[in-house]
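To keep things clear, I will list the structure first and then write my remarks on it.
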There are 2 protein chains.
Amino acid sequence: MNSQVTSLDVARLAGVSQSAVSRVFSGASASAATAQKVRRAAAELGYRPNPWARAMITGRSGIIGLVVAYFDNPFYPVALELLSRALKAEGYRILVFTVGNSPSEIESVMDELTAYRVDGIITASVAMTNDLTDRCAQAGIPIVLFNRGQDGVGLSSVTSANDAGARQVARFLVAGGHQRIAHVAGWQQSSTGRDRLLGFEAGLAEAGTAPVAVIDGLYDRDAARAATLAMMDTATPPDAIFVGNDHMAFAVMDTLRHEMGLSVPGDVSVVGFDDVPMAAWPAYDLTTVRQPVRRMVDSTVETLVAQIAEPDRAPQSIRIDAALVLRGSARCPEGWTE
Amino acid sequence: MNSQVTSLDVARLAGVSQSAVSRVFSGASASAATAQKVRRAAAELGYRPNPWARAMITGRSGIIGLVVAYFDNPFYPVALELLSRALKAEGYRILVFTVGNSPSEIESVMDELTAYRVDGIITASVAMTNDLTDRCAQAGIPIVLFNRGQDGVGLSSVTSANDAGARQVARFLVAGGHQRIAHVAGWQQSSTGRDRLLGFEAGLAEAGTAPVAVIDGLYDRDAARAATLAMMDTATPPDAIFVGNDHMAFAVMDTLRHEMGLSVPGDVSVVGFDDVPMAAWPAYDLTTVRQPVRRMVDSTVETLVAQIAEPDRAPQSIRIDAALVLRGSARCPEGWTE
DNA sequence: CCCTTACTTGCAAGCGTATGCAAGTTTGCC
DNA sequence: GGCAAACTTGCATACGCTTGCAAGTAAGGG
């Protein structure tokens, strides 16, 4: 019932004009006396400005579109929660679009996002084609890629230092005396997956070695399990596996321990990437590279807000440092610090 | 740039009036010839109707507000994903509000929801006070409580059969020959937590017994851990623990196994509630009660859509059957079927 | 063939707010 | 006290769309 209170109702009750009410609520100048009368009347009627009427005029809806592909990886729910809080502090709400990774589906979502004239877009775990990149730029909607980079110039992105993190893992495993090191990679269509692979290979190369096996796990438990079985089913199976993210690393550990009866880290060391909350649980106690979600989220929001305020701002690629977190799933070199 | 295409632009290009364009896109009657001209012009210009201008007139925004409190419990990300897909199929998008469980915070969110004039509200894992219930009813926005009931009449809700499920757990544990059965409960402020506790106690009472201990785990890992330590630190510790949800059950298992060196189910049987994906992982292999998320989501959407279409419809409390899923975390009675 | 009925289509009036403009009011300074 | 400058405030318009209404057109029946 009271959801139909308009600024005109408030104006009448307060004995002022509708524009006065508008000015009070939009922060424009108004005398103290007017402001007080308006506030009182608004409170009495339970008035709140209609965001959509406001959006029509100002062109700003106060809504950020969030496009997410994988929710089974617990990294993203955590990120969603933090993003929601951070954006709320900036006066924005989140319109969620879950999406598969098929180009047509992503395209239709982008269509909707432009239709809704969201003030900005954050994509998490979504692969953008260059075609879509162009369309976004053309639509003029600020966009930031979260935890995913983008080839070529074009869009802003916030990632952790995937290559440096993976390189550190390589050094760590080599220093731990592992002889046959393998990698269950992320998805090669994702920059994150590629960067981690490349950084890892580069780290091993520094030590004059190379992975004995690299198989794509597609960020999927089943695929990671299959990859594990495949790489262990050889004459000289790996004694250490670096996995492209924690979510797959849990599958790898489960497979090694419960399907193959092996010990982690006794027989095989396992290292993940992300440091999702579950990695600290004693059942896994996973050595992993910590992505500082909070800082990534803060940077994402900051970049997006800046781009909304200043549309011609050049896109930025922000990389947040990521550090190895030592736990019990991988043999630790003597005296390894940090 | 092309985000500023209006129906008037399309009308001019198609050589018809602006209202004709509107009618074609809003599904009202129009001749085949007109429709074709309009569609062609719209496609050429990349036109999409502005949802907010539309919302102002029709009063329907196509947006559902989702209020969620706990994202660390993996049950909710799964539900969010399914809700998003199901609502999309009905032509709705989700505006997400994450929220703590403090009344003031929930209140401010409800304020915003009414301001945004969402077409409907779904709350998941949020405790509504009667005060808020009234305000929602007063605002006239359809609302459905997901996985949470509500005392008294008032709002629609969709839950699983929490009491029946918990009762089944009680029978199962008794049949398994357990002598000292305890319960790490959910949060007593939530109907879900209360129903599971009551059903469990009723089930034990049928067998002429009662829980040796009941401690609130507040849906929190740390609290569940503390509860476990407390109930095990007695002269006659429990040999079976029913835990109010899976998320806490994992904490209980971790505590028993890795902190106390006990065997599950050797020393203590553990049973959870929800059947989140992780419950099936071999590291936990948790015996639990399955909440059929998909069916719960479908019912939620169905109820909400019906209430939007027919505002005077009486609120419904829908309960979906929940069945015990036998796995390895609890001693199984000989010949127990189902 | 004409009149009734059904269907299309354009016109114009809003939905609730922000904002340029002009008129009115206050303030400040000599 | 008078005049300019700064500030307030109301009027009216615009944002992009839906929809009642009336006029125009096609279809149908006697």
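The chains referred to below are lettered A, B, ... by the order of the sequence lines, with proteins before strands, and numbering in each begins at 1. Predicted model only: the values in this text are computed from it and were never measured.
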Quick one: [X] [atom1] to [N] [atom2], roughly how many Å, whole number?
| X | N | atom1 | atom2 | result |
| --- | --- | --- | --- | --- |
| R54(A) | dC15(D) | CZ | P | 19 Å |
| Q18(A) | dT19(C) | CD | P | 12 Å |
| F25(A) | dT17(C) | CZ | C1' | 12 Å |
| N50(B) | dC15(C) | CG | P | 18 Å |
| I57(A) | dA12(D) | CD1 | P | 17 Å |
| R12(A) | dT17(C) | CZ | P | 12 Å |
| L8(A) | dA18(C) | CG | P | 13 Å |
| R48(A) | dT17(C) | CZ | P | 12 Å |

[N] phosphate, OP1 or OP2: any side-chain N/O from [X] under 4.0 angstrom?
| X | N | value |
| --- | --- | --- |
| T6(B) | dC17(D) | yes |
| S31(B) | dT9(C) | yes |
| Q4(B) | dG16(D) | yes |
| T58(A) | dT17(C) | no |
| S7(B) | dC17(D) | yes |

Q | Sugar-phosphate only, base, or nothing, as touched by V16(A) at under 4.0 Å among non-hydrogen atoms | A |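 Answer is sugar-phosphate: V16(A) comes under 4.0 Å of backbone atoms only.
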Check: [X] side chain, [N] base, donor-acceptor under 3.5 Å:
| X | N | value |
| --- | --- | --- |
| R117(B) | dG16(C) | no |
| S26(B) | dC17(D) | no |
| R23(B) | dG10(C) | yes |

Main chain of [Y], side chain of [X]: is a donor-acceptor contact present, judged purely on distance under 3.5 Å?
| X | Y | value |
| --- | --- | --- |
| S125(A) | V68(A) | no |
| S84(B) | L80(B) | no |
| Y219(A) | G193(A) | yes |
| E105(B) | V99(B) | no |

**Q.** D111(A) to R48(B) - nearest heavy-atom pair and separation
**A.**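 Scanning both residues completely, I find the closest heavy atoms to be CB-NH1, 3.5 Å.
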Q. Would the number of heavy atoms belonging to other residues, nucleotides or ligands and lying under 6.0 Å from CZ of R294(B) be above 12?
A. no
Q: Report the residue from L113(B), V96(B), I106(B) that forms a side-chain contact (heavy atoms from CB on, under 4.5 Å) with V67(B).
A: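 Only match with V67(B) under side-chain contact (heavy atoms from CB on, under 4.5 Å): L113(B).
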**Q.** Residue M56(A), side-chain heavy atoms: nucleotide from dC15(D), dT9(C), dC17(D) that is nearest
**A.**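 Output: dC15(D).
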Q: Report the nucleotide, chosen from dT18(D), dC11(C), dT19(C), that has the shortest atom-to-atom distance to any side-chain atom of S22(B).
A: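 It is dT18(D).
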(Q) If you take the centroid of each ring, where Trp contributes its six-membered ring, are Y47(A) and F25(A) closer together than 6.0 Å? (A)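 Centroid distance F25(A)-Y47(A): below 6.0 Å, so yes.
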Q.
Using five pairs at each end of the helix from dC1(C)-dG30(D) to dC30(C)-dG1(D) to define an axis, what is the angle between those two axes, to 10°?
A. 30°
